[in-house]
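Contents: one structure, followed by commentary.
In this text, all values refer to a predicted model and were calculated from it rather than measured experimentally. Proteins get letters first, then strands, A, B, ... in listed order; numbering begins at 1 in each.
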Amino acid sequence: MKPDMSVTIAGINLRNPVMTASGTFGYAEEFAEYVDLETIGAFVTKGLSLKPKAGNPTPRIVETPGGMLNAIGLQNVGIDAFIAKKVPFLRSVNTPAIVNFFGNTIDEYVEMASRLNEIPEIAGLEINISCPNVKQGGIVFGTDPQCAAEVVSACRKATTKALIVKLSPNVTDVTVMARACQDAGADALSLINTLTGMAIDLERRKPVLANITGGLSGPAIKPVALRMVWQVSKCVKVPIIGIGGIMNATDALEFILAGASAVQVGTASFINPSAAQEIAAGMEKWLADKGVADIKSLIGALE
Amino acid sequence: MKPDMSVTIAGINLRNPVMTASGTFGYAEEFAEYVDLETIGAFVTKGLSLKPKAGNPTPRIVETPGGMLNAIGLQNVGIDAFIAKKVPFLRSVNTPAIVNFFGNTIDEYVEMASRLNEIPEIAGLEINISCPNVKQGGIVFGTDPQCAAEVVSACRKATTKALIVKLSPNVTDVTVMARACQDAGADALSLINTLTGMAIDLERRKPVLANITGGLSGPAIKPVALRMVWQVSKCVKVPIIGIGGIMNATDALEFILAGASAVQVGTASFINPSAAQEIAAGMEKWLADKGVADIKSLIGALE
Amino acid sequence: MQFKSMILSNSEVSPGYWKMRMTAPTEFSLAQPGQFVMVRVNSAIDPLLRRPFGIFDVGMHTPDYSGAAAQPYFEILYRVVGKGTSMLAGLHETDQLDVLGPLGKGFDLGTAAERKIIVGGGVGLAPLYMLARELVKQSSVSLYAGGRTRDDILCITEFERLGVECYVATEDGSLGKCGLVTEALVSSLSNGNGETSIYACGPHGMLKAVAGIAAEHDIYCQVSLEGYMACGVGACLGCVTPGRNHTVDTPDFRCVCAEGPVFDGKELGWGC
Amino acid sequence: MQFKSMILSNSEVSPGYWKMRMTAPTEFSLAQPGQFVMVRVNSAIDPLLRRPFGIFDVGMHTPDYSGAAAQPYFEILYRVVGKGTSMLAGLHETDQLDVLGPLGKGFDLGTAAERKIIVGGGVGLAPLYMLARELVKQSSVSLYAGGRTRDDILCITEFERLGVECYVATEDGSLGKCGLVTEALVSSLSNGNGETSIYACGPHGMLKAVAGIAAEHDIYCQVSLEGYMACGVGACLGCVTPGRNHTVDTPDFRCVCAEGPVFDGKELGWGC
Ligand SMILES: Cc1cc2nc3c(=O)[nH]c(=O)nc-3n(C[C@H](O)[C@H](O)[C@H](O)COP(=O)(O)OP(=O)(O)OC[C@H]3O[C@@H](n4cnc5c(N)ncnc54)[C@H](O)[C@@H]3O)c2cc1C
Ligand SMILES: Cc1cc2nc3c(=O)[nH]c(=O)nc-3n(C[C@H](O)[C@H](O)[C@H](O)COP(=O)(O)OP(=O)(O)OC[C@H]3O[C@@H](n4cnc5c(N)ncnc54)[C@H](O)[C@@H]3O)c2cc1C
Ligand SMILES: Cc1cc2nc3c(=O)[nH]c(=O)nc-3n(C[C@H](O)[C@H](O)[C@H](O)COP(=O)(O)O)c2cc1C
Ligand SMILES: Cc1cc2nc3c(=O)[nH]c(=O)nc-3n(C[C@H](O)[C@H](O)[C@H](O)COP(=O)(O)O)c2cc1C
Ligand code: FES
Ligand code: FES
């Protein structure tokens, strides 16, 4: 008997709980050759801003033990080019597309939210208040409950689409941020974004990244991500999307048990472009093998 | 020409900057068979409290990608047994011993500080305000600048020995904690302690650790540790002891460049009991190969 | 001690169970039955921690080609259960491994007069072969080997070759008696014969049962425990197990790696 | 495409430089000179990321034992510089690897009339062999190979066997002219002969010099770049390099993995 893998996040119906994480799956096109895009629950596109953004100088990425640091600096084509060049492809694929976006001021966030609200091909919005790479950027919002709440409630007024808020792990108490964003009108919370880290080139006596610090992702951060998802699931009512070091179906199911209603696969797509598809298939197989009829019965089912 | 590897931390002269991290090297005895204990800069002993402490139920440790989680729960013999059974060995080894300690109240911290102050064999004290494992334990102090400052200044009054404060990475801004502890009278700061994490056993649908959450250590956390050491070194005057995922001489030298005057080797001693000795030797060889006359010239020498 | 060891052979002895023979320094031959080693599976960080394995046997290896000096070796018998053991099973002759050991406290061999009973469950037999080899030198030894199916009954012929009387029980009856090995054990004890000493290694449930049976019959019983280990030398306190008098206020944790892995069954708090 | 590949051979061709031959699907033979592959060194997480390597050559492998079908293969020529390449050098025949490719945009082969000049520094020669093999079919090809010492001059005999005219320069003079290969290149151009097209791969400094020389002589010059890569498919934006018009306000970053690795030298912002 085929298990029911469907979940609903903030009103978006997903064929399965496996999404791709922002910034790790481009605009989905890039992976069309390697993945059947209609076997994935949803994609989240690369962080988008009003104007095109140059991003940081290179080097922008470096491998670390069990993970990687990135300081892309939110390079993106800007909303106009996004609508002109990227949306047509998204329309052609029968899988919900969620747009991750950011701004440097509340006004920019709001303008983005209202413009994205006009694009029918977009199923939902993910607010990035937590990208640790841009100095004057999101980090401020992502680590202060007050600011976070302001941005979220402002965006809430600007869009009727599903509003997901993506939380930063670089905080003392993630549950405070989670509650603030929920109360400000978030339909769902996604976590975690990257942990701020640094790598040094001993021979050159310099930081490896041109930006000095970067965001740590990959298997290395999974224990921190699982802990935060579990903590947040205990104190909010809105659904949670678990992110952080998910490499296989087992990892994904652990996040579901911890309280996530869906997951996002990030760095894993770099190592294995078909990771998201394989994880979704692997989860379904596990449920079938164990005789679990519905994935929803596993959400938060940790004893 | 033999490089000068000696450093002085809070008045303690070390033959080299490589210490062993609390809780990962027992009371040094355990490693006597594998390491020449007099080739190491200093040991830091297992977290000590007034009364013996049972610690957490098992499982207490679990491997994670590039790291491990521990929830030992600060099991220790208590200060009386420590003095009777452990100090004699420490006396027999010509390497400075630093005692890591904790309490559940400021009074307990103070009583520990004053009792340890009476033990001539002890070169210095490391206050653990950051152990993430004990529910009513250190974590409170370690994440609130006010509380941290109170504990530190209270202990400062109770001891004339070198006072090192060990910082938790589970905070929004580690520099705030660092400044608070420096201003409260810390002679040096050691960072980082473990990041709070969690592991789940999918088949049993249970957390792996009996304590549910544990402290993440090992190579996985190195980028976060390097970043925090670099941040703190920019904003305090007291020397910094860098800790987190140091597995080899290169890792250790990266921490020195980032601003650490010494390092502590933790999890690495489990994988290779002679890690600390080999790291100290490897650092000296690197300096010799590069013609660097004095390790002190590398402290904070990041361009 | 810590040493670099070269793999001499590595082969599957029963579905899912492998035996690896590795070079060892001369002093290693002093290893006691019941002691274990911590093996570093590779020099990368995945897996990060060493893996503990009982010492199946030690000996001298004489290379085929003449003129070569005899080489001390030790063997481990391991079950492939996860990442580390799968990687071990993938290693080839001449591959190198970093080994820590012999570690821990082995079995007390007791006196010649005693009849010796060895109880092993599945891969729990691993540390018991070397023990049997020592015990048969002075006493009559019988082995009670249990497992889920026939594939879990390992190296019985090796034990028989030592002159050990072997009783086998499998839960599915695919080999020997059908049922738990402890049932066979009880019946053998019921006809109580003289001084007896029991040695056991296997799943925690089995050890608890054996310790209970031994206590009833007032028989000295040594059990070899497992525990999640990081250091293997008594430093991390990850592997502890509650002792007989353990309570939260009067902690009585025993360190499996340093005070064990072999304990007097009566010394442990078996919980419920 | 993504495929599991089996190692057919893996051997050191010059101190520190290795050549690996691996099985490939039939479609792989369509790979263009200048394209690359991303190789997953193992299935563990250390190293985590794939490693990019130029495609040295593709062909059909006929196993020794008769009756076996011919097997499409590809080769990489790699230098051992760190963790991943050391692990690659440790792999044996029949070991399996996960491969992504052919990736990126290859070289434009130009027209028959043009004289073709190939400039390679050290392991930069890797993607140039297959290029030469194609170019010699229609034009006269000369190779300028440079390196620090003789050990860095790779596979010259293979190039000569193709009928390529080879000029070698080493910084220590241990092979060929003493000095930088670009100096040899300049002198050859100074006696300007008709239509010429340049192809270069090697250290960034060398590529910048070659691009500069080509611009002066107004010669069409294609360079193959490197960049730190995570995905290899244009998704992570980790590998970008500034284009000619790049400024922070008018970003003009080119994606090395997707728009390159081969670029028209004039299209890039070479910085200072
Ligand atoms: C003293 C001692 C002696 C042992 N002797 C043997 C032996 O002779 N033969 C044999 O096959 N096995 C033995 N074991 C169990 C063996 O250590 C584990 O099966 C092995 O570590 C599993 O590693 P893995 O990576 O394949 O499994 P994984 O599940 O991937 O391991 C993950 C982590 O859990 C730990 N772990 C998993 N299972 C166990 C276990 N049962 N006991 C302790 N740690 C575990 C691993 O060491 C590792 O740290 C012994 C264990 C101990 C403590
Ligand atoms: C398009 C392309 C084609 C290449 N072709 C070849 C080739 O044919 N032969 C060859 O020997 N090398 C080639 N390289 C360089 C090769 O990818 C690196 O030498 C290799 O990744 C080093 O891995 P490592 O783990 O041994 O080194 P480490 O220094 O341990 O690697 C650490 C990280 O840095 C990255 N890295 C290190 N050096 C380079 C580099 N020069 N370029 C890009 N990333 C790097 C690694 O991929 C890894 O992510 C190519 C690189 C690119 C981008
Ligand atoms: C190269 C790269 C780029 C990223 N870009 C973004 C982004 O634009 N917006 C965002 O919210 N998160 C971004 N992230 C964070 C990921 O979406 C994800 O939260 C993080 O990588 C943790 O998941 P992982 O461990 O599975 O990669 C990026 C991550 C990486 C590695
Ligand atoms: C098993 C274990 C026990 C520890 N016990 C203590 C302790 O008692 N007190 C303390 O301050 N830190 C303790 N730590 C933290 C380490 O001292 C160190 O800060 C941390 O492990 C990071 O360093 P590493 O990555 O090199 O292990 C412990 C760590 C481990 C793994
Ligand atoms: S394994 Fe570390 S104390 Fe036993
Ligand atoms: S490597 Fe990811 S975009 Fe080029």
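Put simply, the side chain of C:Met130 reaches to within 4.5 Å of the side chain of C:Val58, judged on heavy atoms. With contacts defined as side-chain heavy-atom distances shorter than 4.5 Å, the pair B:Leu116/B:Leu48 qualifies.
For B:Phe255, there are no ring pair (Phe, Tyr, Trp, His ring centres under 6.0 Å) partners at least two apart in sequence or on another chain.
No side-chain donor-acceptor contact under 3.5 Å links C:Asp151 and C:Tyr17.
Aromatic pair C:Phe28/C:Phe3: ring centres closer than 6.0 Å.
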Donor and acceptor N/O pairs, chain C versus chain B, under 3.5 angstrom:
from     : atom 1 : to       : atom 2 : distance (Å)
C:Met1   : N      : B:Glu33  : OE2    : 3.0
C:Gln2   : OE1    : B:Ser274 : OG     : 3.4
C:Gln2   : NE2    : B:Asn272 : OD1    : 2.9
C:Leu48  : N      : B:Glu63  : OE2    : 2.9
C:Leu49  : N      : B:Glu63  : OE2    : 2.6
C:Arg50  : NE     : B:Ile271 : O      : 2.7
C:Arg50  : NH2    : B:Ile271 : O      : 2.9
C:Arg51  : NH1    : B:Glu63  : OE1    : 3.4
C:Arg51  : NH1    : B:Glu63  : OE2    : 3.1
C:Arg51  : NH2    : B:Glu63  : OE1    : 2.7
C:Leu237 : O      : B:Arg60  : NH1    : 2.8

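The line from CZ of C:Phe253 to SG of C:Cys239 is 11.0 Å long, rounded to the nearest 0.5 Å. Summarising the geometry, atom CG belonging to C:Leu8 is positioned 10.0 Å from atom CZ belonging to C:Phe74; distances are rounded to the nearest 0.5 Å.
Within the 4.5 angstrom heavy-atom criterion, no atom of C:Pro242 approaches chain B. C:Met38 does not touch chain B: none of its heavy atoms, backbone or side chain, sits under 4.5 Å away.
The candidate with the highest count of non-hydrogen atom pairs below 4.5 Å against chain B, out of C:Ala258, C:Gly232, C:Cys231, is C:Cys231.
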